[in-house]
Amino acid sequence: MKNKIQVTRSSMPPFEEYIEEIRDIWETHWLTNMGVKHNQLEKQLEDYLKVPNVSLFTNGHLALEIAIEALELTGEVITTPFTFASTTQAIVRKGLTPVFCDINPDDYTIQTESIEKLITEKTSAIIPVHVYGNICNVTEIERIADKYNLKVIYDAAHAFGVTMDGESVANYGDVSMFSFHATKVFNTIEGGALTFKDSKLNEILNSYKNFGITSGKTVEYIAGNAKMNEFQAAMGLCNLKHVDTEIEKRKKIYNRYIELLNDIKGIRLSIPKDGIKSNYAYFPIVFENYKYNRDEVLEKLSNENIYARKYFYPLTSEFSCYQHSFKIQETPVASYIADRVLTLPLFADLSLEEVEKICEIIKK
Ligand SMILES: *Cc1c(COP(=O)(O)O)cnc(C)c1O
């Protein structure tokens, strides 16, 4: 097995399916601006995610920035630093101050007991992350948001298709952001979406993704461009047909990892809680007093052409671009996990033999 095993590998439909899907674009010459395929994909995703509204964007990050603008957030936003750069960057780029809350040691989502003491007069929202597809304590977050009149935007980039007691993850908070980047469970090459219950947001979001234009000639918002084009949407229509099969394949790989790594002293796994239908997006493991540390295991794997990832390390609160910009709160649990976590390769076409090989190297 000398082939490289990357941490992930993008899902693609059979070539002929994509060619068939894009054929009529050569008849219509309609390439972007809420085309037929774009609108079709919005409808299909509303069904799949069981939400009343889906709005598509050219990527998840711009969707998140636009959600912040459309909900008119101001001042401070409570969030976590154990996430991908995008979450914190969106908050800071929109002129807001991130206030970092610590995470739970078991599922790495926001520690809800610590939220209230971070709320000030300037707080306008909470932006929690469903890390690795683990669902945040949504009930408690809703209670706090109601009590202090805060908005909630979930970074659900990892949580496509996840349900809790049958309820879609897309239905929590004011808005949820999904990423359809090439590396995610469901992709449109680059792409993203916002889901929300309040149908009034549709018009505002459509305007925000299109230079603030509302009707033909009125420009109501100061906005840029974040539209999803027809080729992205076509990829989405094709990939959506296969996503359930892909998740099934991921599940087999995930369960094999669990069988092989479950009872090892010093290795902690995060196993989906009861009532959760997972999408098996990632396989993070945490090394705690194991015979090798995280960086040593990473190196042993890469010597064998296997590329795991320190995901998430470093914390976003440690990025050099934020030094001196604002007061950074201490988050000891997040620091502890970031220093010890490793995300193992996981994608639909990873073979069980490859999983066994990876686990053997870790145990050796
Ligand atoms: C991928 C990701 C994003 C950004 O999505 P893009 O579609 O790549 O812009 C945001 N947050 C998290 C947690 C992500 O993993």
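Order of listing sets the numbers, starting from 1, for every ligand and every atom in it.
Under a 4.0 Å heavy-atom criterion, F82 is not in contact with ligand 1. Between E190 and ligand 1 there is no heavy-atom distance shorter than 4.0 Å.
Counting heavy atoms under 4.0 Å from ligand 1, residue V131 does not touch it at all. At a heavy-atom cutoff of 4.0 Å, ligand 1 is contacted by no atom of F312, backbone or side chain.
With a 6.0 Å radius and a threshold of 12 heavy atoms from other residues, nucleotides or ligands, E299 has its CD atom at or below the threshold.
Using a 4.0 Å cut-off between charged nitrogen and carboxylate oxygen, R256 and E259 count as a salt-bridge pair. Contact check on K147 versus E116 returns a salt bridge, with a Lys/Arg side-chain nitrogen under 4.0 Å from an Asp/Glu carboxylate oxygen. Between E46 and K43 a salt bridge is recorded (basic side-chain N to carboxylate O distance below 4.0 Å).
Closest protein heavy atom to atom 5 (O) of ligand 1: S179 OG, 3.2 Å. When hydrogens are left out, the protein atom nearest atom 13 (C) of ligand 1 is D155 OD2, 3.5 Å; that is the closest non-hydrogen contact. Ranking the protein heavy atoms by distance from atom 2 (C) of ligand 1 puts K184 NZ, 3.0 Å first. The protein heavy atom nearest to atom 9 (O) of ligand 1 is H61 N, 2.8 Å.
Per-residue contacts place F84 under 4.0 angstrom from the following atoms of ligand 1 (heavy atoms of the residue considered): 2 (C), 3 (C), 12 (C), 13 (C), 14 (C), 15 (O). Each of the atoms 7 (O) of ligand 1 lies under 4.0 Å from some heavy atom of G191.
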